[in-house]
Amino acid sequence: MKVRAAVLEDFASPLVVQELDLDDPRAGEALVRLVACGVCHTDLYTASGSDPSGYAPTVLGHEGAGVVEAVGDGVRAVAPGDHVVTLFSPQCRECVHCLSPRTNLCLAIREQQNRGYLPDGTTRLSLAGEPIRHFMGTSTFAEYAVVPEIALAKVSPEAPLDRACLFACGLSTGLGAAMFTAAVQPGSTCAVFGAGMVGLGVVAGCRLQGAERIICVDLSEDRLELARGQGATDCWPADGHAVERVLEATGGFGADYTFEATGLVSVMREALEAARMGWGLCTVCGVAGKGETLDVVPRLLITGRRVCGSSFGGVKGRDQVPELVELYLRGEIDVDPFISHRMPLDQVNRAFELMEAQNGIRSILELSA
Ligand SMILES: NC(=O)c1ccc[n+]([C@@H]2O[C@H](COP(=O)([O-])OP(=O)(O)OC[C@H]3O[C@@H](n4cnc5c(N)ncnc54)[C@H](O)[C@@H]3O)[C@@H](O)[C@H]2O)c1
Ligand SMILES: [Zn+2]
Ligand SMILES: [Zn+2]
């Protein structure tokens with residue numbers, strides 16, 4: 001079939017919205033009519049050419065939601081008509097990582113996905129007979145996508161898909177960092193560095209876990225206001241004194257849980273320094289620049305602080321994305337404030353410009369009705 005899609009033809013140049021060929025889903029795959037897709041930093045990072053593992057041409061986009069239209073042979077997990085959220089972090093439920101409760105890093109299709117192929121090593125996307133690679137196993141800046149069934153979370157049909165798409169990456173990454181990676185305990189003190197999509201999700205996750213005090217630090221007053229709306233109890237400007245202030249506010253000890261959601265290694269260090277002696281856990285969500293390293297004073301670790309990373313919030317996508325969407329439907333997660341702009345696929349480059357200007361939290365591409 002013919003589909004309109006936003007193609008990254010060359011790094012550091014605008015995406016080109018054009019008509020491509022999309023082949024039918026093969027065994028273990030589904031065709032999804034995309035309804036909405038959020039525009040995330042990872043899309044921009046790849047488009048810019050900064051990601052050393054990036055490739056082109058490809059159809060970007062990974063924060064998608066839509067409706068299954070058709071399935072290939074042997075597909076049992078989803079059926080036509082199902083409402084789904086795409087998972088750049090799939091869940092096969094069979095590999096050694098899926099069988100462990102300790103990680104969400106499914107191994108099943110990792111290698112092919114990283115190289116831009118579907119699990120059988122080919123692509124469904126092409127232009128004039130030349131294959132176009134898939135991005136993050138999803139390629140959702142498009143009207144339709146063919147996706148492995150293990151990379152689709154079936155969500156309640158009650159959930160509006162133009163909100164549910166945020167659970168495909170940014171929001172789940174933040175919520176999950178607090179709920180699953182850190183597993184914040186009720187009554188805790190938390191400190192969240194960064195109040196973009198991810199940091200705001202962390203704030204909401206800390207609230208849902210029953211944290212007593214949630215400190216949020218950011219450069220932007222507007223974003224701190226949004227953090228307050230998500231449950232932050234203390235909102236502080238990032239003025240270089242955040243660590244001192246966290247220590248002061250906690251009797252000199254530090255916060256039980258700290259989170260970094262900026263992508264800056266200097267802030268990762270601040271987050272570790274603000275974690276409590278004895279048991280403070282620092283969770284790193286941000287993706288640092290190529291070649292950057294985190295500078296840690298070992299004494300901080302010996303005295304009981306721990307640091308860990310979180311990919312997609314530790315969320316096991318097929319099991320837990322539907323649960324997070326249920327929490328939203330029950331009114332426990334306020335999704336609307338994250339959506340700052342809505343636009344058609346043709347304006348995807350404008351969404352990138354808004355993101356670079358830190359204008360709003362998320363732009364949503366409206367792909368079909
Ligand atoms: N781990 C994952 O699976 C995953 C998934 C999605 C995104 N990410 C990464 O998470 C990070 C955050 O993503 P986002 O979409 O929320 O980004 P964003 O740019 O919208 O938000 C970052 C925020 O950090 C703030 N900030 C900048 N300097 C600061 C400082 N010194 N102290 C405190 N705050 C500061 C900015 O004002 C901004 O609000 C990025 O690095 C992104 O690549 C990771
Ligand atoms: Zn993302
Ligand atoms: Zn797996």
Side-chain angles (χ1 to χ4, degrees), residues 1-11 15-49 51-66 68-72 75 77-78 84-92 105-153 165 168-169 311-312 317-318 345 348 365 367-368:
M1 68 191 291
K2 299 278 181 197
V3 297
R4 282 168 53 72
V7 181
L8 173 68
E9 293 186 337
D10 296 297
F11 296 123
L15 304 189
V16 183
V17 177
Q18 56 195 286
E19 207 173 69
L20 301 181
D21 292 300
L22 182 67
D23 287 348
D24 290 342
R26 295 188 188 167
E29 301 169 359
L31 172 69
V32 179
R33 175 173 59 83
L34 293 158
V35 171
C37 182
V39 179
C40 170
H41 277 93
T42 309
D43 301 303
L44 181 59
Y45 183 57
T46 299
S48 71
D51 180 357
S53 60
Y55 45 80
T58 185
V59 173
L60 294 181
H62 61 285
E63 210 172 72
V68 174
E69 292 269 301
V71 297
V75 169
V78 292
V84 289
V85 164
T86 60
L87 300 172
F88 70 86
S89 181
Q91 184 190 358
C92 75
L105 297 176
C106 175
L107 300 170
I109 60 173
R110 218 173 163 75
E111 273 173 40
Q112 294 293 8
Q113 177 175 324
N114 288 343
R115 295 167 52 220
Y117 299 109
L118 291 181
D120 74 352
T122 64
T123 82
R124 298 300 150 268
L125 288 161
S126 60
L127 177 62
E130 284 300 309
I132 303 272
R133 283 196 265 175
H134 299 247
F135 174 67
M136 293 175 86
T138 50
S139 285
T140 48
F141 289 170
E143 294 168 323
Y144 289 83
V146 171
V147 179
E149 63 173 322
I150 63 167
L152 291 171
C165 63
C169 182
S311 172
F312 192 46
R318 287 163 69 199
L345 180 62
V348 61
L365 301 177
L367 300 166
S368 66

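Computation of the quantities below employed the complete heavy-atom set of this structure, encompassing side-chain atoms and omitting hydrogens, waters and symmetry-equivalent molecules. We're numbering straight along the sequence, starting at 1.
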(request) In sequence, state the C-alpha distance, the side-chain angles, and the governing distance for Ile132 and Thr123, and then conclude on side chain to side chain contact (heavy atoms under 4.5 Å, CB included). (result) CA-CA 7 Å; Ile132 303 272; Thr123 82; 5.6 Å; no
(message) Pair Ile150, Arg318 - check side chain to side chain contact (heavy atoms under 4.5 Å, CB included), show working.
(response) CA-CA 8 Å; Ile150 63 167; Arg318 287 163 69 199; 3.7 Å; yes
(request) In sequence, state the C-alpha distance, the side-chain angles, and the governing distance for Lys2 and Asp21, and then conclude on side chain to side chain contact (heavy atoms under 4.5 Å, CB included). (result) CA-CA 5 Å; Lys2 299 278 181 197; Asp21 292 300; 2.8 Å; yes
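When all heavy atoms are compared, the tightest approach of Pro52 to Tyr45 is CD-OH, 4.1 Å. Heavy-atom minimum distance, His134 versus Tyr55: O-OH, 2.6 Å. Shown here for Cys37 and Leu367, the closest heavy-atom pair between the two residues is CB-CD1, 3.8 Å. The two residues Pro57 and Val7 have their closest heavy-atom pair at CB-CG1, 4.2 Å. Nearest heavy-atom pair across Ser368 and Leu34 is OG-O, 2.7 Å. Residues Glu19 and Leu127 share a closest heavy-atom pair of O-CD1, 3.6 Å.
Counting only heavy atoms from C-beta outward, the side chains of Val71 and Glu29 never approach each other to under 4.5 Å. Between Gln18 and Glu9, some side-chain heavy-atom pair lies under the 4.5 Å cut-off. Side-chain contact between His62 and Asp43: present, with at least one pair of heavy atoms (C-beta onward) separated by less than 4.5 Å. Taking the side chain as every heavy atom from C-beta outward, Ser53 and Asn114 never approach each other to under 4.5 Å.
One finds the CZ atom of Phe88 at 7.0 Å from the OG1 atom of Thr42 (value rounded to the nearest 0.5 Å). Note that the CG atom of Leu31 and the CG atom of Asp23 stand 11.0 Å from one another [nearest 0.5 Å]. Atoms OG1 and CG, on Thr58 and Leu125 in that order, are 7.5 Å from each other to the nearest 0.5 Å. Considering OG of Ser126 and CZ of Arg133, their distance stands at 14.5 Å, rounded to 0.5 Å. Atom-to-atom distance recorded for Gln113:CD and Thr138:OG1 is 7.0 Å, nearest 0.5 angstrom. To the nearest 0.5 Å, atoms CD1 (Ile109) and CG (Asp120) are separated by 11.0 Å.
At a cut-off of 3.5 Å, with distance as the only test, a side-chain donor of Thr122 or Arg124 sits close to an acceptor on the other residue.
The 12-atom threshold is not exceeded at CD of Glu111, counting heavy atoms of other residues, nucleotides or ligands nearer than 6.0 Å.
Not a single donor-acceptor pair under 3.5 Å links the side chain of Arg33 to the backbone N or O of Glu69. For the pair Ser139 (side chain) and Met136 (backbone), a donor-acceptor distance under 3.5 Å is absent. Judged by distance alone, with hydrogens and angles left aside, the side-chain atoms of Glu149 form a donor-acceptor pair with the main-chain N or O of Ala77 at under 3.5 Å.
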For residues 141-148, which side-chain N or O atoms pair as donor and acceptor with protein atoms under 3.5 Å away, sequence neighbours left out?
residue : atom : partner : partner atom : Å
Glu143  : OE1  : Arg4    : N            : 2.8

